[in-house]
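When a ligand or atom number is given, it counts from 1 through the structure's own listing order. This structure is a prediction, so every number in the text was calculated from the model and none was measured.
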Amino acid sequence: MATDRPTPVPTSPGGNAPGVQVNDLEKVFHTRSGDVTALTDVSFAMSRGDFVSIIGPSGCGKSTVMRVLGGLDTEFSGTATIHGQSPDAVRRAHRVGVAFQDSAMMPWRTVRGNLELPYKIAGETVDTSRVDELLELVGLSNFAKAYPSQLSGGMRQRASIARALVRTPEVLLLDEPFGALDDVTRQRMNFELQDIWLASQPTTLMVTHSIPEAVLLSDRVIVMSGRPGTIAAVYEVPIPRPRTAETLRSPEFHRVVDEISDILFGEDAQ
Ligand SMILES: Nc1ncnc2c1ncn2[C@@H]1O[C@H](COP(=O)(O)OP(=O)(O)O)[C@@H](O)[C@H]1O
Ligand SMILES: [Mg+2]
């Protein structure tokens, strides 16, 4: 239909509204023993509401990409935007939920206190029922009054994921969020994350070491290679949602997992 007015950019999730745009990202760390090029030539785009995973060998720059997009590292060349704004602006507007390896729980606050923190930082009233709901979801209702030092590594990781999700962020950045969990809990958390993502469709970027986890959750999987870190391949995951335990056994699922394994561990792998 012809119209003389410009098409409004949709503000709801989905469509082709810009989610994440990274162009020619390069990151050099200046260290005492010389310059380390952590990333070079990294370009990718996500639409709003996409779920994309990054997988690649240790040291290939995955966390560096996440820190740039989280607005925690602003010294880089190239461009990076989230929902049309700088990562720093999105972070300062409290629109991003982050669970990073180093985003530790505050040791002097209880688990509940840690989950309430994002509201306090954003200057909002704590939504107690949402906090309760997330505590329940990650299986920590009975540990609401515990301090982080009283939890196992896996429990702390679950608390950190709950904290990232509590304010239903527009953007979700997860850096190896499930690494400390046992296989059974990890799979349960994968399906819980899928449900949460389906409910509010935040633009989500997740780093993982698990190819099946990446394939299960993502629209696309970015495979990185190292020295210097760059994008080796991008895989579409053409599997309908919701994905279930059945999906994990399907030939389609195994085909995508195998293709990504070949790139990561095959002859061409670094
Ligand atoms: N603060 C830093 N100073 C110097 N080098 C760093 C720093 N952070 C990361 N690096 C280097 O950058 C590269 C990428 O690191 P990182 O993004 O943490 O990789 P990954 O998350 O894929 O394991 C590595 O070679 C690492 O040693
Ligand atoms: Mg890392």
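- Here the heavy atom of the protein found nearest to atom 12 (O) of ligand 1 is A38 CB, 3.4 Å.
- Those atoms of ligand 1 that come under 4.0 Å of a heavy atom in S63, given as number and element, are 17 (O), 18 (O), 20 (P), 21 (O).
- Contact check for V237 versus R220: no side-chain heavy atoms found under the 4.5 Å cut-off.
- Residues R48 and Q201 bring no donor and acceptor atom of their side chains to less than 3.5 Å of each other.
- No donor-acceptor pair under 3.5 Å is formed between the side chain of T185 and the backbone N or O of L181.
- At the shortest separation from atom 23 (O) of ligand 1 among protein heavy atoms lies G59 N, 2.7 Å.
- Remark: D182 does not engage R186 in a salt bridge, criterion side-chain N to carboxylate O under 4.0 Å.
- Any N or O atom pair closer than 3.5 Å counts here, and V36 shares no such pair with ligand 1.
- Of all protein heavy atoms, the one lying nearest to atom 19 (O) of ligand 1 is G61 N, 3.2 Å.
- The pair R112-D132 counts as a salt bridge, with a side-chain nitrogen and a carboxylate oxygen less than 4.0 angstrom apart.
- Taking a distance limit of 4.0 Å, we find that atom 26 (C) of ligand 1 is approached by no protein heavy atom.
- Every atom of ligand 1 with a heavy atom of S58 under 4.0 Å away is listed here by number and element: 23 (O).
- Near T31, meaning under 4.0 Å from one of its heavy atoms, ligand 1 places the atoms 4 (C).
- Taking 4.0 Å as the cut-off, G56 does not count as a neighbour of ligand 1 on heavy-atom distance.
- Salt bridge D258/R255: absent, no basic N to carboxylate O contact under 4.0 Å.
- Counting only heavy atoms from C-beta outward, the side chains of L205 and L174 never approach each other to under 4.5 Å.
- Distances from ligand 1 to the non-hydrogen atoms of C60 include at least one value under 4.0 Å.
- The protein heavy-atom contact nearest to atom 16 (P) of ligand 1 is T64 OG1, 3.7 Å.
- Salt-bridge check for R188 with D183: failed, with every basic side-chain N at 4.0 Å or more from each acidic carboxylate O.
- Taking the charged nitrogens against the carboxylate oxygens, D175 and K62 have no contact shorter than 4.0 Å, which rules out a salt bridge.
- Note: the hydrophobic cluster containing L173 also contains V68 (ILVMFWY, side chain heavy atoms under 4.5 Å, direct or indirect links).
- Of the protein's non-hydrogen atoms, F29 CD1, 3.3 Å is the one closest to atom 6 (C) of ligand 1.
- Contact check for P18 versus H83: no side-chain heavy atoms found under the 4.5 Å cut-off.
- Protein contacts to the Mg ion (ligand 2) involving N, O or S atoms at a distance below 2.8 Å are S63 OG.
- Of the possible polar contacts, none joining the R163 side chain to the R158 backbone as a donor-acceptor pair under 3.5 Å is found.
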